[in-house]
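To keep things clear, I will list the structure first and then write my remarks on it.
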Amino acid sequence: MVNFIAIPTRDDLTALCELIEAGQLTPVIGATYPLDQAAAAMAHLETGHARGKIVVTV
């Protein structure tokens, strides 16, 4: 796992929002886990085989 810290600006978030609204950017979600399975979500991520983002729903 690699740590990456981004410091988004208001302009960055506005541009990102515009791309999403225009349908030019679509996130790839590999799996969704409920909050009570957050440990399983992290275990899946740590395998290195996650394809797309791992989402934990609240």
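The structure presented is a predicted model; accordingly, all values stated were derived computationally and were not measured.
Here Thr26 pairs with nothing under the side-chain hydrogen bond (donor to acceptor under 3.5 Å, both in side chains) rule; sequence neighbours left out.
Ala41 approaches Ile54 most closely through the heavy-atom pair CB-CG2, 3.8 Å. Listed here is the closest heavy atom pair of Leu35 and Val56: CA-CG1, 3.7 Å. Taking both residues in full, the closest heavy atoms of Thr57 and Thr32 are given as CG2-CG2, 3.4 Å, listed atom of the first, atom of the second, then distance.
Leu45 and Val55 are assigned to two separate hydrophobic clusters, defined by single-linkage of ILVMFWY side chains at heavy-atom distances under 4.5 Å.
Residue Leu19 is found in a hydrophobic cluster whose other members, listed by chain and number, are Leu16, Ile20, Leu25; membership requires side-chain heavy atoms under 4.5 Å apart, directly or through intermediates.
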